[in-house]
Amino acid sequence: MCGICGAIGNENQISTVVAGLKKLDYRGYDSSGVAYLQTPQNQLCVQKSVGSVKNLQKKLEKNAFSNVVIGHTRWATHGNVCEKNAHPHVSSSGRFAIVHNGIVENFESLKQRMSCDFYSDTDTEVFVNLIENQTGNTLQKLQKASTLIKGSFAVALLEVGIDKIFLAKRSSPLMVAFDHRGCVAASDISAFAGRFDCCWILNDNEFAVLEKDKVTFFDQKLKKISIKPIKIDEYDFAEENLQEDSFMLKEIKEQPVVLRNTYFKYFAEIQNLDWEKLKKFHAFHFVACGTAYHSCLMGARFLKQFCKKNATCDIASEFRYDNNIFVKNCLYIFVSQSGETADTIACANLVKQKGLPTMCVTNVPYCTLNNLADYVLPTFAGKEIAVASTKAYTAQVFTLLVFALRLANLDCQEILKKFVLNLQTTQDLDSVFKQIEKFKKIFFVGREQDFVTALEGALKLKEIAYIGCIGIAAGELKHGTLALVDDETLIVAISTQKSLKEKMESNMLEIKARGGKILLVSQFKHDIDVDFLIKLPDFEEFLMPIVSIIPLQHLALHFCQSLGYNPDKPRNLAKSVTVE
Ligand code: AGP
């Protein structure tokens, strides 16, 4: 993952880069650092710090001044979290400094062939020394080194004595913006924070050279090229306005508004889709990671239920190395909040190479997946900051639901409208949560659509409260997991489907017989005694996946905060997983 930022101009660029890194820290917050050519001596200075960019800011000298700065915020892949492994990395002679997002897969074999000393455990230090070892000018060295690298990279490079920033990109996002004050490069648009009207997004194997008053783009053979600018308009930069005690709570509470926006914008948005062509697909195959994969499971259910079409799902990291049977007449759908998830992008590329049609469902405009796919279905969740996805998930589920309904020619607009206007997220659940917070062994169970909610509920709890829980199909319990159930086990049983109510009751009785405690999440009255209850508001069954996940998001948040953790930045994770 990681975020990179670089800036060059006539003013002091250190604050520009630090501000950019703060916007990018959702990509990793293990450590951060900057390298700059100190003005006027033109000496290379590097400052690094473990933890958030605020720690780096405290270390930076108040009077530090530089016109040419690169910076990095890290999610550790190679080497543990410490200052030594934090970027930027400097070549052994001290001439070059680099920041890198991506992975050099062949770094071990490259390292073995190099004679210089290494100070960190990172693949990036190999990259910068590889650059130094090449012949030619700086750009040629960077290009030659890039061809020797296996893996992914978005890099910004500085060389002592040269007032330029050099960029290279393959499979990791990188973009540039400039105005009369100078040029800024970054991993994503959020680092531009309202300053620019448009930006230039580099394609794979392209290079750029940033100077104070211009940017020049090059193709892989270093031939000058022009890239079309992308207009930056509707993007939401307002994430600082936090009135809740966490972004996660803010985002949970925003869900009714998000769904309203989706409802009102969606029907206009989808007018442009070629529905006649879409209807001709015989099958749909979804691919995604994490929470987005759970949305896919819901999306596939909707397509089977309403369109009677064959719909299947794969986890991206599995799909990309599987012996897939690619079928014509199948639409491959890639779901991703960020649109930058490395595994999902690799799968989209794989499908494209086969010449098959692709659609993506993304929340971030101008993301890599949008550039790749034949059809783009945006979600309107607005910027999601908390690492644990909440409003993006419900926006994805709702979007895929409306997509399936439209494809099936079912007019449910009134039902959907009533739903988005009446959905609430502020049920008082504190007394229930207080009673269950002692449990450390928790399983989430459900059938069919409630099984998907169980998977997502469990993911939320494990990622922010660090409780080892799983989501499981209720009918699968007795095939193994029931062995773990005792009187210290809490089972969160989700039951929102009338036709499966009695089946769920049988499963709950099995749990009770083993001493397990039950928290039932349902809109129905069930004919068995449960230990704890979250009564859901009653909407059409196909809308209940959205209704039922909301209390589970609150539940995870309650556990997380009662244990004293920060829900927005869980350990070991990052918002955008741009490495494999
Ligand atoms: C969700 O809570 C997670 N943090 C994670 O599983 C996430 O959904 C996954 O990494 C996929 O991200 P994407 O939607 O940006 O592709």
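Atoms within each ligand, like the ligands themselves, are counted from 1 in listed order. Everything numeric here is computed off the predicted structure, so don't read it as measured data.
- Ligand 1 places these atoms under 4.0 Å from at least one heavy atom of Ala388: 2 (O).
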*Which is it for Leu249 and His554 under the side chain to side chain contact (heavy atoms under 4.5 Å, CB included) test, yes or no, and what are the steps along the way?*
CA-CA 8 Å; Leu249 180 59; His554 279 294; 4.0 Å; yes
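- Salt-bridge check for Asp245 with Lys250: failed, with every basic side-chain N at 4.0 Å or more from each acidic carboxylate O.
- A donor-acceptor pair shorter than 3.5 Å can be found between the side chains of Thr291 and Lys460.
- Evaluated by nearest non-hydrogen atom to atom 10 (O) of ligand 1, the leading choice among Leu369, Thr344, Val577 is Val577.
- For atom 11 (C) of ligand 1, the nearest non-hydrogen atom from the set Gly290, Ser338, Cys289 belongs to Cys289.
- Atoms of ligand 1 found under 4.0 Å from any heavy atom of Ala292 (numbered from 1 in listed order, with element): 8 (O), 14 (O).
- In this structure, the protein non-hydrogen atom closest to atom 14 (O) of ligand 1 is Gln337 N, 2.6 Å.
- Checked against the 6.0 Å centroid criterion, the rings of Phe107 and Phe127 do not qualify as a close aromatic pair.
- Every atom of ligand 1 is numbered from 1 in the order shown, and the set under 4.0 Å from a heavy atom of Ser389 is 1 (C), 2 (O).
- Side-chain contact, Gln396 with Gln337: no donor N or O sits under 3.5 Å from an acceptor N or O.
- Between Asn85 and Thr122, the side chains place no donor N or O within less than 3.5 Å of an acceptor N or O (distance only, hydrogens not considered).
- Nearest-residue assignment for atom 7 (C) of ligand 1 (options Asp343, Thr390, Thr291, Thr341; heavy-atom criterion): Thr291.
- Of the heavy atoms in Lys575, none comes closer than 4.0 Å to ligand 1.
- Contacts of Lys460 with ligand 1, taken as heavy-atom pairs under 4.0 Å, involve the side chain alone.
- Nearest protein heavy-atom contact of atom 3 (C) of ligand 1 is Glu463 OE1, 3.5 Å.
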_Please evaluate residues Arg27 and Lys575 with respect to the criterion side chain to side chain contact (heavy atoms under 4.5 Å, CB included), reporting the C-alpha separation (whole Å), side-chain torsions for both, the decisive distance (0.1 Å), and the verdict._
CA-CA 5 Å; Arg27 303 175 70 91; Lys575 181 74 183 155; over 6 Å; no
